[in-house]
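Structure first, commentary second.
Convention: sequence-line order gives letters A, B, ...; per-chain numbering from 1.
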Amino acid sequence: MSESTYRAAVIGLGRMGSTFDDEIRQGGQFFMPYCHAPTYAASPHTELVAGADPHVEQGAIFAERWGLENRQIYADYREMLEAERPDFVSMCTTARHRAAIMIDAINAGVKAIWAEKPFTLSLAEADEVIELAAKKGVAIAVNCSRRYNVFFTEARRMVEEGELGELLQITAYTQCNLSSNGSHAIDTMRYLVGGDVEWVFGEMESDEKAAGDEDLMGNGYMVFNNGVRGFLRGTPTGAAPWEFDLIGTEGRVRSLAQGMETQYYCWVPGGPRGRNLPARAPFPLPTSIPAMGPAVIEDLIQCIDSGAPPRCSDEDGRKALEIAIAMRESHRLGGCRVELPLADRSLRLLSSEIAQDAVPARIRRLKGRWP
Amino acid sequence: MSESKFRAAVIGLGRMGSTFDDEIEQGGQFFMPYCHAPTYTASPRTDLIAGADPHAEQGEIFADRWGLERGQIYADYREMLEAERPDFVSICTTARLRAQIMIDAINAGVKAIWAEKPFTLSLAEADEVIELGNRKDVAIAVNCSRRYNVFFNEARRMVDEGELGEILQITAYAQCNLSHNGSHSIDAMRYLAAGDVEWVFGEMESDEKAAGDEDLMGNGYMAFDNGARGFLRGTPTGAAPWEFDLIGTEGRVRSLAQGMEAQYYRWVPGGLRDQGLPARAPFPLPTQIPSSGLSVIEDLVDCIETGRQPRCSGEDGRKALEIAIALRESHRRGGRRVDLPLADRSLRILSVEIREDAVPARVRRMQRN
């Protein structure tokens with residue numbers, strides 16, 4: 001099975017589905033290929049067989065760019081699923097439709113889903129997708145991509161092998177709406193800590209925002225079940241853009257400036273009154289730097305073969321959403337700690353990426369740049 | 001007046017009063033002279049004229065070390081205040097007695113008090129000392145010494161002059177009991193953020209500790225009145241010992257590893273998608289590096305002459321204590337935000353330094369080593 005080539009289709013042929021990699025000119029946060037179509041085209045394990053998008057213009061660009069025939073492009077993803085019977089499906093539409101499309105894809109018999117983030121809008125949607133996928137044995141990877149980034153995977157390896165000692169603290173300075181890019185920030189905190197969040201405190205950017213369901217910025221304090229504490233600053237971070245700081249008793253890893261730099265510190269003898277010093281040492285790179293998209297594919301193929309959950313699973317996607325919602329609940333309740341899991345599964349966050357989603361994000365972006 | 005020398009006395013002739021500087025072998029967190037007797041001896045503005053301590057051994061060591069006669073050492077600080085009429089008094093005893101001694105010193109007519117931290121144990125004590133000090137025009141400086149450290153002063157100058165842009169965040173990784181060294185970390189956060197705390201959320205090291213009055217470790221989130229937000233990790237910090245991280249829209253200052261290094265970053269054009277980059281630039285040092293202790297003296301002399309408040313005032317000492325207590329209250333209330341000021345002034349934290357205070361701290365320390 002693992003020697004054969006999987007048939008892969010992309011639903012949503014816009015920015016993440018097709019052209020995102022064109023925007024990236026420096027490694028660190030991303031190593032190419034990163035987004036969906038370029039990855040399927042590059043991977044030896046997959047063949048890109050189809051795309052689906054209701055916007056004709058997106059389909060035409062996609063077919064031309066990735067060498068598909070016009071008949072391989074569908075306006076209706078259901079028709080595509082029926083006609084092409086793909087093994088892999090990427091979910092790159094607006095998050096508004098993600099849950100429904102995932103459910104349709106699972107029912108159509110796909111083997112693996114590679115979903116953009118956020119996983120879903122509501123907890124109930126997440127529950128439904130996860131339950132159905134488990135029943136049908138479908139592997140779902142959520143593209144919280146730092147789990148497939150070598151600097152973060154090395155940091156996690158250092159944690160697992162005890163090189164940082166006992167973990168104490170994870171801090172994230174990551175300006176974000178809590179669903180949209182907060183799904184990255186929160187998932188990365190969970191990944192680095194290797195634990196689950198038991199309760200949170202949160203402060204949102206305003207009472208008005210906290211009262212509604214629209215995506216919003218906020219800060220939070222998280223208590224992990226392995227004793228680690230987390231602090232997320234999701235409100236503006238100024239001169240500290242997208243930084244993760246993982247602190248243990250014996251070492252520390254800092255990912256700085258949107259992943260452009262990663263630092264490692266180890267605790268060495270010396271210092272005033274002999275209390276030791278945090279000495280900066282080279283960050284240990286592995287012997288090869290994998291592309292991030294193909295790393296997802298390899299992960300999903302292993303999951304298909306073994307039944308194990310992907311490195312960033314649907315469950316991870318649900319937990320990131322649930323933590324974000326719990327922080328908002330904390331604010332709504334007047335600033336008190338909120339235990340996980342949340343009982344009310346109707347709670348939701350309308351990810352900021354679904355705003356104006358009648359027009360594809362790539363087209364909005366192009367219009368914004370060249371009005 | 002400003003050319004005359006002030007008569008200075010130390011109450012509590014132990015570690016902070018006398019010998020602390022002997023332990024320090026590297027600059028950064030401290031620049032010498034730092035603690036009380038060495039500072040009074042070095043300052044051109046003060047003469048060290050007396051000491052008081054109920055432990056005879058401490059008095060003898062103090063007299064020998066600082067060249068005082070036996071007649072200048074008193075077992076009872078009240079007698080000393082009465083007989084010597086000092087202008088400056090340093091309060092370096094256990095914190096258990098600090099409020100009472102400050103009240104007695106103010107009533108004895110001193111001009112200035114240089115008090116060790118924590119300022120007091122309870123909010124009521126702090127209220128009483130501050131009110132009396134204001135009424136009698138006594139300048140009280142609390143030795144939360146980062147306010148008299150050039151790296152922190154420069155960081156604050158950068159804030160005041162807008163070089164960091166709008167201040168967004170102050171983070172402190174500072175393992176501490178919240179009254180004892182927490183008075184340093186919380187005061188430094190207030191100083192750097194240049195604002196007052198409106199409300200806090202806190203988690204203490206345990207429910208048991210939170211329920212009692214003993215000093216304790218904890219973490220907290222702070223909302224400042226100028227929009228800045230603070231995060232204090234006072235529980236163990238491992239490989240991140242005593243670090244302050246001040247983040248603004250245009251720049252950032254980090255004080256690392258107990259003040260051994262200060263870093264400055266500024267926001268410059270460039271970077272991914274031209275969103276800007278945080279570039280490290282040399283930390284701007286002033287043309288002179290003042291001694292921490294002498295800076296306190298100069299500050300207090302100026303306060304005596306002008307009537308203004310010291311850079312680290314009694315009010316600052318009270319606020320650090322009140323924030324620490326509010327963090328604990330947040331935990332006691334089941335994890336809920338707590339607004340400042342606190343209504344219940346009987347609340348207190350029994351600073352860890354008053355434990356075993358029947359034996360002077362220096363003697364305990366020597367016995368341990």
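Proximity to chain B involves both the backbone and the side chain of A:L168, based on heavy atoms less than 4.5 angstrom apart. Heavy atoms closer than 4.5 Å to chain B are found in the backbone of A:T237, but not in its side chain. Proximity to chain B (any heavy atom under 4.5 Å) is restricted, for A:Q29, to the side chain, taken from C-beta onward. Using a 4.5 Å cut-off between heavy atoms, B:L164 makes no contact with chain A at all. Neither the backbone nor the side chain of A:V338 comes within contact range of chain B; no heavy atom of the residue lies under 4.5 Å from a heavy atom of that chain. No part of B:L256 comes within reach of chain A, as not one of its non-hydrogen atoms sits under 4.5 angstrom from that chain. Of the two parts of A:R229, the backbone and the side chain both hold a non-hydrogen atom closer than 4.5 Å to a non-hydrogen atom of chain B. For A:E250, the part lying near chain B is the backbone, with the side chain staying farther off; criterion is any non-hydrogen pair under 4.5 Å.
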**Verdict with reasoning, B:Y173 to A:R252, per side chain to side chain contact (heavy atoms under 4.5 Å, CB included)** = CA-CA 13 Å; B:Y173 300 131; A:R252 177 177 188 180; 3.8 Å; yes
**Request:** Check step by step if side chain to side chain contact (heavy atoms under 4.5 Å, CB included) holds for A:N219 and B:F231.
**Result:** CA-CA 10 Å; A:N219 305 326; B:F231 173 63; over 6 Å; no
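Between B:F201 and A:S330 there is no side-chain heavy-atom pair separated by less than 4.5 Å. Using a 4.5 Å heavy-atom threshold, the side chains of A:R233 and B:L168 count as touching. Contact of the A:I24 side chain with the B:R273 side chain is registered, since non-hydrogen atoms from C-beta on lie closer than 4.5 Å.
Between chain A and the options B:T249, B:V338, B:T235, the largest number of non-hydrogen pairs under 4.5 Å is found for B:T249. The choice from A:T171, A:L167, A:L277, A:N276 that makes the most heavy-atom pairs within less than 4.5 Å of chain B is A:T171. Ranked by heavy-atom pairs under 4.5 Å with chain A, the first of B:Q26, B:M260, B:E25, B:E166 is B:M260. Of the residues considered (B:G28, B:P236, B:A239), B:A239 shows the highest number of contacts with chain A, using heavy-atom pairs under 4.5 Å.
In this structure, B:Y221 has its ring center at least 6.0 angstrom away from the ring center of A:Y221.
A salt bridge between A:E203 and B:R229 is present, with a side-chain N of the basic residue lying under 4.0 Å from a carboxylate O of the acidic one.
The distance from the CG atom of B:D245 to the CD atom of A:E243 is 6.5 Å, given to the nearest 0.5 Å. Note that the CD atom of B:Q258 and the CZ atom of A:R273 stand 7.0 Å from one another [nearest 0.5 Å].
Counting non-hydrogen atoms of other residues, nucleotides and ligands closer than 6.0 Å to CZ of B:R332 gives a total above 12.
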